2 protein chains.
Amino acid sequence: MPAQRADARRNHARLLAVAEEEIAAHGADASLEQIARVAGVGSATVRRHFPNRRALLDAVFRGRIEALCAHARDLGSTADARTALLEWLRAVTEYGASTRGLAVALLRDTGASADAEHGNTCANELAAAGEPLVERAAEAGAVAPGVTAEDLVTLVTGITLATEHHPDPVAEADRMLGLTMAGVLPQG
Amino acid sequence: MPAQRADARRNHARLLAVAEEEIAAHGADASLEQIARVAGVGSATVRRHFPNRRALLDAVFRGRIEALCAHARDLGSTADARTALLEWLRAVTEYGASTRGLAVALLRDTGASADAEHGNTCANELAAAGEPLVERAAEAGAVAPGVTAEDLVTLVTGITLATEHHPDPVAEADRMLGLTMAGVLPQG
DNA sequence: CTAAGATACGGAGGGCCCCGCCACTTAGCA
DNA sequence: TGCTAAGTGGCGGGGCCCTCCGTATCTTAG
């Protein structure tokens, strides 16, 4: 009694794999028709499995996002709260900067695709997973007052978006993250 | 002996005005054909005056960008170097967050439109204008070592991009800027 | 004032893409 | 094995970007 037919699941998986390649090659605005073509299915099938481009992006990156969430949970038991948070943010940034299209997926959507009840899933999950780390760091007095996990996800998203162009996005993004964490104008 | 015919200049100005409205209404990826339609010209005329979408964005925002550059120059004679830099960055951020499409224009372009010899004009001009402020602040020891004006423009661009979705982008962007300047994990 | 030349214009056509519709195929159950 | 509904794919409409080319308009010289 599968909720889905077997071939439907096959197509779903196939589309996901192809979409990942296409997005890696052409960015977040890869052609849905091209994805359908490569996957050997009709363009309607793509839309059937993923009503939005956003839904496709979410699905493609979900696995990795969950890995990052798991990483956050693992770091929960680390000795130094500040180091734990920092390491997690570095991991998120590195993955975001090295994975084409992810930054856009993290970007909150204004407009049409946002109406689907569930805001922006990837960003929300990440923020939720990071929340304990932030809280613990805040209790230790390591993090500036008023900072939420959501804020941090927003900052990391911005950094990855703004460094996408760079010859070495990962290094550049990491540098920007360092700046942001330590403060550009620290004193005063 | 005008370098351009009078009607061409008229169309240019008209297109610029219409483009500004359209971009404000629909974001950086407003339809060029729609702009042509509203301006009452053929779509080819748009492309004749602005070969790229990027060129159009640059032209639309150039005036304001130059105002920000002028502001930077004015601040050069302010007493406190740190305050001067901070105020300028606040001004840039505020304008970026309140002007739809500007963040994208500041974003460095990878790919086709970047081949036009002149990299990304808006971001470059801003960075050049901010350079003296950064240098002066660095001499005063107010700014973290290794930080360039380009870095700051990149950070501000990222912040505005990542806060575009927010109900109150200006306030949110300003808050993020504050975080970034003071440092999220200041100590250590 | 007029006519020639250069300059700028705009519409048509091709290519690509997103989207919705509908007749058909095929998997899963009895 | 046959039935049913889930799933599929192709087609047509609409939009956008882009290029080409005949034509209208501005400018300058006579």
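In what follows, chains are A, B, ... by sequence order, proteins preceding strands, each numbered from 1. Small disclaimer: the values here were computed from a predicted structure and weren't measured.
Using a 3.5 Å distance cut-off with no hydrogens or angles, the side chains of B:Thr121 and B:Asp58 do pair a donor with an acceptor.
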Quick one, B:Leu89 with A:Val184, criterion side-chain contact (heavy atoms from CB on, under 4.5 Å). Give me CA distance, side-chain angles, the key distance, then yes/no.
CA-CA 11 Å; B:Leu89 288 174; A:Val184 173; 5.8 Å; no
What do the steps show when you test B:Leu16 against B:Phe50 for side-chain contact (heavy atoms from CB on, under 4.5 Å), and what is the final call?
CA-CA 10 Å; B:Leu16 231 48; B:Phe50 310 102; 3.4 Å; yes
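The number of heavy-atom neighbours closer than 6.0 Å to CZ of A:Arg64, taken from other residues, nucleotides and ligands shown, is 12 or below. Residue B:Glu20 places its CD atom among 12 or fewer non-hydrogen atoms of other residues, nucleotides or ligands, all under 6.0 Å distant.
Near DNA chain C, meaning a heavy atom under 4.0 Å from it, residues 24-47 of chain B has B:Gly40, B:Val41, B:Gly42, B:Ala44, B:Thr45 in order of number.
Rounding to whole angstrom units, NE2 of residue B:His12 and P of C:dA8 are separated by 12 Å. What separates CZ of B:Arg14 from C1' of C:dC9 is a distance of 15 Å, to the nearest Å. Between the CD atom of B:Gln4 and the P atom of C:dA8 there is a distance of 6 Å, rounded to whole Å.
Across all strands shown, B:His49 has heavy atoms under 4.0 Å from sugar-phosphate atoms exclusively, and none from any base. Within 4.0 Å of A:Arg10, counting heavy atoms only, lies no atom of the nucleic acid at all.
Closest to the side chain of B:Ala8, from the set D:dC17, C:dC9, C:dG28, is C:dC9. Closest contact between the side chain of B:Asp7 and the listed nucleotides D:dG7, C:dC9, D:dT8 involves C:dC9.
Scanning atom types as modelled, no donor and acceptor separated by under 3.5 angstrom connect the side chain of A:Arg48 and the base of C:dG20. For D:dA6, the base has a donor-acceptor partner in the side chain of A:Arg5 [N/O atoms by modelled type, under 3.5 angstrom].
Screening residues 129-150 of chain A for side-chain hydrogen bond (donor to acceptor under 3.5 Å, both in side chains), with sequence neighbours left out, gives A:Thr148-A:Asp151.
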